[in-house]
Amino acid sequence: MLRLSVRHGRIGVVRVAVVPGPGRAGLLCPLDDHGGRAGVPIAVDDLAAAIRERERSAPDRGHSTGGGPIAGSAIRWVWFATAALYPALARADAVVARCHDISLTEALLRTRDAAARDGARGASAAGEPGEPASDAAWQRLLDYRPGPAEPGVGYPPDTTYPPDTTYRPNTTYPPDTTYRPNSSYRPDGGPIQPALFDPDQVGTQPPADPRAALDALIEVHASQVARIAADPHPARFALLAAAESAGALAAVEMSLAGLPWRADVHDSILTGMLGARPPAALGAASRLGGPQAAARPRRLTELAAQISAALGTRQPVNPDSPGQLTRALAAAGIRVSSTRLAALREVDHPAIAPLIEYKELARLHSAFGWAWLDTWVADGRFRPEYVVGGVVSGRWASRGGGALQIPRLLRRAVVADPGWVLVVADAAQLEPRVLAALAGDRAFAAAAAAGDLYNALAGHFGGDRAKAKVAMLSAMYGGAGGEAGQLLAVLRQRFPAAAGFVEAAAQAGQEGRTVRSALGRTCPPPSARWRALTEEASDPDSERDPQAGLALRARGRFTRNFVVQASAADWALVMLARLRARLTTIPAGADGRASVPELVFFQHDEVIVHCARSLADDVAAAVSQAAADATRLVFGPTPVVFPLTTAVVECYADAK
DNA sequence: GGTCGGGGCGCG
DNA sequence: AAAGCGCGCCCCGACC
């Protein structure tokens, strides 16, 4: 980690600023160590070709981060938004090893600095939040954002929203959140930040004035380099920015490659569970019986009838409607706190079994049924769009297709191409191991040096592995119900440093402060509403609002979890970046095919590589080396191990 | 007609 | 068994 250059992330890597346009052309400008111009801008007719050529002619000659040489060039391309520019480049075979994503890095920096500004504002109530020195250049850069992309130029056509859906930002936020990197959503009237990247607005259609855009880009980049260097831990923050940017490259490449998806297998799973695919609903006629009436498959229709019969309702009850369902259950003498599966399972009544089956099948049908298949799977591939940095903790989000919520039973449909395999790697018990490394708790670290963490802890909990797990989860999530409180007390006694670490994070959150991940990703500051609510309550003259205590504890749980989840995301992101680099060093297989291993899926702590069977061992080795790289880069020397369970399978469902 | 919040549930 | 954290997206129903 110390070998990282503060200014450049890596010794020997040069930076080149990139602005697209006009047309297929573009502007390049080499940068010096401080991000200033190291030459005059170079206009190129074919940007993809120019980048491709420079990637090939500037090889990385063994500059090492300690984990061995990396294939690819020694250029770090500096551009506004990977998600906007890189799809077109990658499709034109201009695959790059490294980039610096200005928009993602700006989001990291602004979230970091929002905390300080927020604190300052607390002192002078009416004061404007202090803006970074680069703000004028940043605004200019946003002004140069191009209009909507032309067809085939911006996002690849197969990864844009399906025509019949509209994206709406999620509406359930932690009560104290004011800002998320890729969202202009303002949940509670808190300070709004500029939308850093809007896929509807940003395409690769070039800015009207590329030279002016280049000026703004270079200015913002220089400011980012300086602001990274000013971080209390500049090397870590530089690594975070580099990993976030590498993740953005990987995300685009994964969307282009797609996850192998057998539509025929998926269809037979649906048919087996739901009955044959119902004919398409026919416009207005079908709506007379409700939008779903014509489209409800046979099995769901049967179950709905059984539910109504068992409840003895005069009118058919729609099990999709919590309101109708609650009333019908009440009429049958059943009172439930909600119509969730968990609550229903407590009830003993003939209507419950078909109702539970209905809810499970209806979920499959509506979220991952035939309509999903039609919309999201083409040419044997599922191509979701990943949103790097879309979660406050640094986890990725996805847009369309529910890519990160694929039901486990549909893993049967994820099948490698003939002669190819899936290398499925899953970080085992990542979050508790991250806590062990973060807290530097020697006793806990010793337990985390073992294979199964919870088995190793079980001895401290009367030999009960399940209790050890509950204690850990409670510590990381802030749960205290049931016997969790007792188990937490045991944890606190045996592992005071680990318990103290998360409790300090919770305390910081309750006091309105922010916390940071291992690499320096910062949680959002509390919203104005949260501050008002909690400050009012702390005033002895005011009436005590029960909402205030709830909000206080909710933010404590949020920051308590943030330090663990976000540091785990740091580790996973660095692992992904290192794996991506290492995969390029694997020589082509003996079968002579152009068989480069492809990253095809990434889900928080799990990664899938699709490769020729002959390369599976090399890929598996790259995975474990990448994990070791990540552990060293994120946590430095630590006794904690981060084992990956790696399976080489033809079908994802066989991975574990 | 469309929008939006709630309830619910899939994943980690 | 669920809970405590983080998400996306479905349907429903209130509302404009």
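Numbered from 1 within each chain, the chains take letters A, B, ... in sequence-line order. Note that the structure is a prediction, hence the values are computed from the model and not measured.
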- Task: Answer with yes or no whether A:R560 presents, from its side chain, a donor or acceptor under 3.5 Å of a partner atom in the base of C:dG4.
- Result: no
- Query: Hey, is the side chain of A:R363 pairing donor to acceptor with the base of B:dC9 inside 3.5 Å?
  - Reply: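 Such a pair is found, so the answer is yes.
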- Message: Checking A:Q306 against A:E302: is there a side-chain donor and acceptor pair closer than 3.5 Å?
- Response: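 No, A:Q306 and A:E302 have no side-chain donor paired with an acceptor closer than 3.5 Å.
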- Just checking, is any N or O donor in the side chain of A:S255 or A:R383 under 3.5 Å from an acceptor N or O on the other one?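 Their side chains do not contain a donor-acceptor pair, so the 3.5 Å distance test is not met.
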Of the listed nucleotides [options], the one nearest the side chain of [X]:
X	options	answer
A:D320	C:dA2, C:dC5, C:dC11	C:dC11
A:E360	C:dC5, B:dG10, C:dA1	B:dG10
A:H604	B:dC9, C:dC5, B:dG12	B:dG12
A:Q324	B:dC11, B:dC9, C:dG13	C:dG13
A:R395	C:dG4, B:dC9, B:dG12	B:dG12
A:A397	C:dG4, B:dC9, C:dC7	C:dC7
A:P407	B:dG10, C:dC5, B:dC9	B:dG10
A:L473	C:dA2, C:dG6, C:dG4	C:dG4
A:R557	C:dG6, B:dG8, C:dC5	C:dC5
A:S366	B:dG12, C:dC11, C:dC7	C:dC11

At their closest point, which heavy atom of [X] faces which heavy atom of [Y], and how far apart are they?
X	Y	answer
A:R296	A:T301	O-OG1, 3.5 Å
A:A518	A:V634	CB-CG1, 3.9 Å
A:V564	A:E431	CG1-O, 3.5 Å

[N] [atom2] sits how many Å from [X] [atom1], rounded?
X	N	atom1	atom2	answer
A:F562	C:dC7	CZ	P	10 Å
A:E483	C:dG4	CD	C1'	14 Å
A:R555	C:dC5	CZ	C1'	14 Å
A:L409	B:dC9	CG	P	16 Å
A:R521	C:dC5	CZ	P	21 Å
A:E503	C:dC5	CD	P	16 Å
A:N561	C:dG6	CG	C1'	7 Å
A:W376	C:dC10	CH2	P	9 Å

- Query: What orientation do A:H266 and A:W372 show, parallel under 30°, tilted 30 to 60°, or perpendicular over 60°?
  - Reply: tilted
- Message: Both distances below 3.5 Å, Watson-Crick or wobble geometry, any strand: find the nucleotide opposite C:dC5.
- Response: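 The answer is B:dG12, by the H-bond criterion.
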[N] OP1/OP2 closer than 4.0 Å to side-chain N/O of [X]:
X	N	answer
A:T339	B:dG7	no
A:N318	C:dC12	yes
A:R408	B:dG12	yes
A:S338	B:dG8	yes

- Considering heavy-atom distances to DNA chain C, does A:S474 or A:P322 have its closest nucleotide positioned more toward the 5' end?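 Comparing both residues, the 5'-ward one is A:S474.
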- Query: With nearest nucleotides of DNA chain C determined for A:E346 and A:Q405 from heavy-atom distances, which residue corresponds to the more 5′ nucleotide?
  - Reply: A:E346
Once you apply a heavy-atom cut-off of 4.0 Å, does [X] come out as touching a base, just sugar-phosphate, or nothing?
X	answer
A:R411	sugar-phosphate
A:G323	nothing
A:Q603	sugar-phosphate
A:S321	sugar-phosphate
A:V564	nothing
A:L341	sugar-phosphate

- Message: I want to check a possible cation-pi pair here: A:R465 against A:Y454, using under 6.0 Å from ring centre and within 45° of the ring axis as the test.
- Response: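 Output no; distance or angle outside limits.
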- Message: Please classify the glycosidic conformation of C:dG6 as syn (within 90° of 0) or anti (everything else).
- Response: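 It is anti.
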- Task: Carefully, step by step, assess A:D605 and A:R433 under the rule salt bridge (charged side-chain N to carboxylate O under 4.0 Å, His left out).
- Result: CA-CA 12 Å; A:D605 61 359; A:R433 292 175 192 280; over 6 Å; no
